[in-house]
Amino acid sequence: MGTEDDACDVVIVGARCAGAPLGMLLAQRGYSVEMVDRDPVGADTVSTHWIRWPGVRQLRSWGLVAALEKTGCPPIVSASLDFEGHVLKGGPRAGGMEAATYAPRRTELDALLVAEARARGARLRERFAVTGLLVADGRVTGVRGSGPDGPAGLRARVVVGADGRNSTVARLVQSPVVEDRGVLARSLYGYWSGVAERGVRVVFRGRRGISLWPTHDGLTVVSLVYPPEEAPGAGRAALAEFYASALREVPEVEQALTGADLVSPPRAAAVRNARRHVHGPGWVLAGDAGVTKDPVSAQGISDAFADAAVLADALDAGLSGSAGLDEALAGYAATRDAQRLDAFAYTCEQAELRPFGAGFLDDLARTAADAQAVEAFVNTFVGCETAADADWLGESH
């Protein structure tokens, strides 16, 4: 098997939006943390990019928003929402103050999160692929894997699977799927230069949704969501033509992209909407490893941050002895379900991309004529929760 290192408190498999913040939070509380990731720091990954207000609020609590802006990620302070030609525009606000959101490149965001985790004392093994588990008396006690230094065994009191929707940890512990809604939509996205609009813009036409978010390097992410049955033929050329054609078919989007250039081939995603059982003896899942949702609702990054915060508290209780470890992990799972079930159902409904009914469009027309109603609608879209945010902002300002 190769070498076996001294035991640490926690091994975290996956050092991205769930794993890296969790490593940061545990290390700053004094726990020994070993993070491992099969990719090098800053490797790109398929992502919706957008961090809605709950995720931004979590970043603020960790003191990382200024650091994110220093990477060159622009704040997004306006939103334009177009439902079959009914347009609502506004600047989201929380507690009476501007609520900026962000859509970072994952190359920048993930590297920032890892740097913060390391700064607090967490260790990271890059290019380390987990191949098996260490188990004693039916309890997971670590992982086996291989990296640039060869094979190794890493022993720990708890193994966290924060390794995404194709989680190796979930597979190795045989975590059962408790709900599977399958792939309900597909998406394509690319990076564009020269887009003048710097707010978030979302356009729904028929059973397609198109979103624009400004990101790093003066670029804009332009995403297309569409039903699986509309999928083009295989091959990059077919995907690229389908993507370009779909954008051209919407005059408002074509106008927004006038003079802009696609600087990278579009990337494709087809996400299975599924929930797993997330804990067992010596192991626990976080982020997409436990729940995967279609990117149409853009909640993945914010949910990963929330998991890190809740799981850090649970592990602190279990590892410190203030609660039983298994009891603490069960509490994390219950809290996670309470936070996620409604959002999971909502996302699955949205991913079906059903045409908007006449009643909904009539309501939108009435909303558009009421400034306060427009603000409330935009706030809901970006995830602002007025009462809670007012209290939080009052404490911070």
Side-chain angles (χ1 to χ4, degrees), residues 1-41 62 110 113-164 167-170 172-173 175 278-287 289-290 304 307-329 331-332:
M1 182 184 70
T3 63
E4 184 163 321
D5 290 356
D6 292 337
C8 61
D9 291 313
V10 182
V11 165
I12 301 173
V13 181
R16 291 187 181 269
C17 289
L22 177 61
M24 174 190 72
L25 294 170
L26 291 174
Q28 73 183 18
R29 298 184 194 193
Y31 295 103
S32 56
V33 179
E34 189 85 37
M35 304 184 299
V36 302
D37 201 293
R38 63 186 177 188
D39 294 322
V41 174
W62 297 334
D110 294 356
L113 296 173
V114 166
E116 289 296 322
R118 282 173 152 170
R120 309 296 171 89
R123 300 183 298 273
L124 171 66
R125 297 182 185 224
E126 302 175 64
R127 301 182 178 90
F128 187 95
V130 171
T131 56
L133 300 174
L134 303 177
V135 180
D137 298 325
R139 190 174 193 87
V140 174
T141 59
V143 300
R144 297 194 308 269
S146 185
D149 297 327
L154 306 176
R155 293 185 293 119
R157 298 167 67 185
V158 181
V159 170
V160 178
D163 47 345
S167 169
T168 297
V169 174
L172 291 173
V173 299
S175 171
V278 297
H279 72 100
W283 63 270
V284 64
L285 305 178
D307 277 5
V310 174
L311 184 52
D313 288 342
L315 286 172
D316 186 23
L319 294 171
S320 68
S322 64
L325 182 54
D326 292 343
E327 175 189 357
L329 295 182
Y332 155 75

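All of these numbers come straight from a predicted model, not from anything done at the bench. Only heavy atoms go into these numbers, but all of them, side chains included; no hydrogens, no water, no symmetry mates.
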Taking the side chain as every heavy atom from C-beta outward, state whether [X] and [Y] have any pair of such atoms under 4.5 Å apart.
X: His279; Y: Val173; answer: no
X: Ser175; Y: Val278; answer: no
X: Arg139; Y: Leu325; answer: yes
X: Leu315; Y: Leu26; answer: yes

Which of these passes salt bridge (Lys or Arg N to Asp or Glu O under 4.0 Å) with Arg16: Asp110, Asp307, Asp163?
Asp110
Indicate the atoms forming the closest heavy-atom contact of [X] with [Y], along with that distance.
X: Leu329; Y: Gly280; result: CD1-O, 4.2 Å
X: Ala286; Y: Tyr332; result: CA-OH, 3.5 Å
X: Gly318; Y: Arg157; result: O-NH2, 4.4 Å
X: Ala27; Y: Ala122; result: CB-N, 3.5 Å
X: Val11; Y: Cys8; result: CG2-SG, 3.7 Å
X: Ala15; Y: Val114; result: O-CG2, 3.4 Å

Before giving the answer on side chain to side chain contact (heavy atoms under 4.5 Å, CB included), spell out for Leu172 and Val130 the whole-Å C-alpha distance, their side-chain angles and the decisive distance to 0.1 Å.
CA-CA 10 Å; Leu172 291 173; Val130 171; 4.0 Å; yes
Give me the one residue out of Val158, Val284, Leu134, Val159 that meets side-chain contact (heavy atoms from CB on, under 4.5 Å) with Val140.
Val159
Please check if the side chain of [X] supplies one atom and the backbone of [Y] the other of a donor-acceptor pair under 3.5 Å.
X: Thr141; Y: Arg155; answer: no
X: Asp37; Y: Glu126; answer: no
X: Arg38; Y: Arg127; answer: no
X: Gln28; Y: Arg120; answer: no
X: Arg125; Y: Gly147; answer: no

First locate atom [atom1] of [X], then atom [atom2] of [Y], and finally report the distance between them rounded to the nearest 0.5 Å.
X: Leu285; Y: Leu311; atom1: CG; atom2: CG; result: 9.5 Å
X: Ile12; Y: Leu22; atom1: CD1; atom2: CG; result: 4.0 Å
X: Leu154; Y: Arg144; atom1: CG; atom2: CZ; result: 11.5 Å

Between Tyr31 and Asp316, do the side chains contain an N or O donor and an N or O acceptor separated by less than 3.5 Å?
yes
What's the verdict on side chain to side chain contact (heavy atoms under 4.5 Å, CB included) for Val160 and Met35, showing C-alpha distance, side-chain angles and the deciding distance?
CA-CA 9 Å; Val160 178; Met35 304 184 299; over 6 Å; no
